[in-house]
Amino acid sequence: MKVYLSEGFKHVKDHYFIVLFLFLYQLVWGMFLYKIVASAVVPLLMRYPNPPPHELSKVLFWMEGQLSLSSSPLVHQYAWLLVLMFLIRMLMTPLIRAGLLHSLHDQENTAKGFAFFQGMKRHWKKTSLLYLIEIILLLLPAYWIVPVTLPTLITAVYNLPALVKIIPYLALWLIYGYIVKQLLLYLQFGLTGKHSTSGSIWICIRYAIPVTLIALLLGFITLTLFGSFTAASLIWTGLLSLILQQSYHLIRSIMNVWKICSHFSLWNSKNISDNN
């Protein structure tokens, strides 16, 4: 596993252009999302009762907020704007993945930026279709899980220990989502490289232990870095906090590319050994 992680990190250094592209993409996305949420939520919070409210003033505040959210045309505009932003993100994500995967397959090409955009043009249909399938499969369990867990979530507002009851459902959903994402990722390795798709899926299943270890280790590193950056931004507020929050997008981009490159390294080595 150490070999795949080191080779994956080497691929990250070779594809620094893609990392920077992802960083700018995440930065712009986060900025727009922050502006939208701030412009919609901050005016509402400014009306929170001051001095500290009693029970009646809190009830009136929530009633006023509910009425404003249900009747204000601005709320509907914000909702449609968020939907539009998520649609744009859904269109961009498979394009970026198509470029990265093509660039990984085309290791002999020194112009990584050119290979990245060439991959977008060549494989966007395949990756977009698989991304749509991935979203459908990930949301499919909600048909059974949401009706079961929704009453518990509603009562959890007044009874937080009730959330323990829905943990098994969420855990199963997370495990299912992980399996779906890994299988489709290895399927994309085969499709973008014009290799056997069944063989690529079989590699993911056959070597499930190193595949899982790579995902768990890099996920743990990402979670640790996120916690460190969040804690530091809460301790050192002001300009330093803003810099830390924005720089985390770069760390996140590096970790996302590192994860895909490490899995690609495993897939590539096993694919070569199986064909020899």
Side-chain angles (χ1 to χ4, degrees), residues 1-27 29-30 92-120 123 127 131 178-179 181-193 195 200 203-232 243-274:
M1 187 184 69
K2 182 179 179 181
V3 176
Y4 307 133
L5 290 173
S6 60
E7 288 183 358
F9 193 73
K10 182 179 179 297
H11 290 321
V12 173
K13 293 188 291 184
D14 293 337
H15 296 82
Y16 67 91
F17 169 82
I18 299 176
V19 173
L20 293 176
F21 181 85
L22 273 174
F23 167 61
L24 294 175
Y25 169 70
Q26 300 275 7
L27 189 65
W29 167 260
M92 287 296 298
T93 299
L95 289 177
I96 295 173
R97 179 168 292 185
L100 174 59
L101 295 182
H102 180 76
S103 184
L104 287 171
H105 283 292
D106 196 13
Q107 292 294 327
E108 297 179 357
N109 191 346
T110 56
K112 301 299 181 184
F114 177 75
F116 176 72
F117 291 107
Q118 189 179 41
M120 284 185 172
H123 302 298
T127 54
Y131 187 67
Y178 163 77
I179 294 173
K181 290 176 74 70
Q182 295 304 320
L183 289 174
L184 290 178
L185 176 62
Y186 278 73
L187 177 60
Q188 290 176 79
F189 289 155
L191 283 176
T192 54
H195 294 276
S200 298
I203 288 174
C204 183
I205 299 173
R206 184 180 175 186
Y207 301 98
I209 293 178
V211 168
T212 304
L213 290 176
I214 289 173
L216 287 176
L217 181 59
L218 293 180
F220 175 76
I221 295 174
T222 303
L223 187 62
T224 303
L225 291 172
F226 173 75
S228 301
F229 273 73
T230 302
I243 294 173
L244 287 173
Q245 289 177 355
Q246 299 306 316
S247 61
Y248 176 73
H249 291 297
L250 178 60
I251 303 298
R252 182 183 175 189
S253 301
I254 293 174
M255 296 304 300
N256 286 338
V257 176
W258 190 8
K259 179 184 67 175
I260 294 177
C261 291
S262 298
H263 284 293
F264 177 84
S265 177
L266 188 153
W267 171 85
N268 191 44
S269 64
K270 301 305 180 184
N271 186 57
I272 293 174
S273 61
D274 290 346

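This structure is a prediction, so every number in the text was calculated from the model and none was measured.
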With rounding to the nearest 0.5 Å, note down the distance linking [atom1] in [X] to [atom2] in [Y].
{"X": "I214", "Y": "Q182", "atom1": "CD1", "atom2": "CD", "value": "9.0 Å"}
{"X": "L218", "Y": "I254", "atom1": "CG", "atom2": "CD1", "value": "12.5 Å"}
{"X": "L250", "Y": "L20", "atom1": "CG", "atom2": "CG", "value": "7.0 Å"}
{"X": "F117", "Y": "L95", "atom1": "CZ", "atom2": "CG", "value": "10.5 Å"}
{"X": "S103", "Y": "F17", "atom1": "OG", "atom2": "CZ", "value": "9.5 Å"}
{"X": "L100", "Y": "I18", "atom1": "CG", "atom2": "CD1", "value": "4.5 Å"}

Query raised in the report: Who are the side-chain hydrogen bond (donor to acceptor under 3.5 Å, both in side chains) partners of T127, not counting sequence neighbours?
Result: none
Report summary line: By side-chain hydrogen bond (donor to acceptor under 3.5 Å, both in side chains), S265 pairs with (sequence neighbours left out) E7
Contact check, side chains of [X] and [Y], non-hydrogen atoms, under 4.5 Å:
{"X": "F116", "Y": "I96", "result": "yes"}
{"X": "N268", "Y": "L104", "result": "no"}
{"X": "I205", "Y": "L183", "result": "yes"}
{"X": "L101", "Y": "R97", "result": "yes"}
{"X": "M255", "Y": "I221", "result": "yes"}
{"X": "S200", "Y": "W267", "result": "yes"}
{"X": "S262", "Y": "F9", "result": "no"}
{"X": "F220", "Y": "L216", "result": "no"}

Can you see which heavy atom on [X] is nearest to which on [Y], and at what distance?
{"X": "N256", "Y": "Q26", "value": "ND2-NE2, 4.1 Å"}
{"X": "G8", "Y": "C261", "value": "O-CB, 3.4 Å"}
{"X": "V19", "Y": "S253", "value": "O-CB, 3.8 Å"}
{"X": "K270", "Y": "I203", "value": "CB-CG2, 4.0 Å"}
{"X": "L5", "Y": "W258", "value": "O-NE1, 2.9 Å"}

Query raised in the report: Would the H263 and Y186 ring centres measure less than 6.0 Å apart?
Result: yes
Backbone N or O of [Y] within a donor-acceptor pair of the [X] side chain at under 3.5 Å?
{"X": "H15", "Y": "H11", "answer": "yes"}
{"X": "H105", "Y": "F189", "answer": "yes"}
{"X": "Q188", "Y": "L184", "answer": "yes"}

Report summary line: With sequence neighbours left out, the residues meeting side chain to side chain contact (heavy atoms under 4.5 Å, CB included) with L24 are none
Report task. Could you pull out all residues at least two apart from S269 that satisfy side chain to side chain contact (heavy atoms under 4.5 Å, CB included)? Result -> Y4
Query - Flag if over 12 foreign heavy atoms under 6.0 Å of OH, Y25 - result: yes
Query raised in the report: Which side chain to side chain donor-acceptor pair (under 3.5 Å) pairs, counting each pair once, include a residue from residues 209-218, with sequence neighbours left out?
Result: Y178-T212
Query - Sequence neighbours excluded, every pair satisfying salt bridge (Lys or Arg N to Asp or Glu O under 4.0 Å) that has a member inside residues 203-224 - result: R206-D274
**Report entry** Criterion side chain to side chain contact (heavy atoms under 4.5 Å, CB included) on T192 and H102, from CA distance to verdict
**Finding:** CA-CA 6 Å; T192 54; H102 180 76; 5.7 Å; no
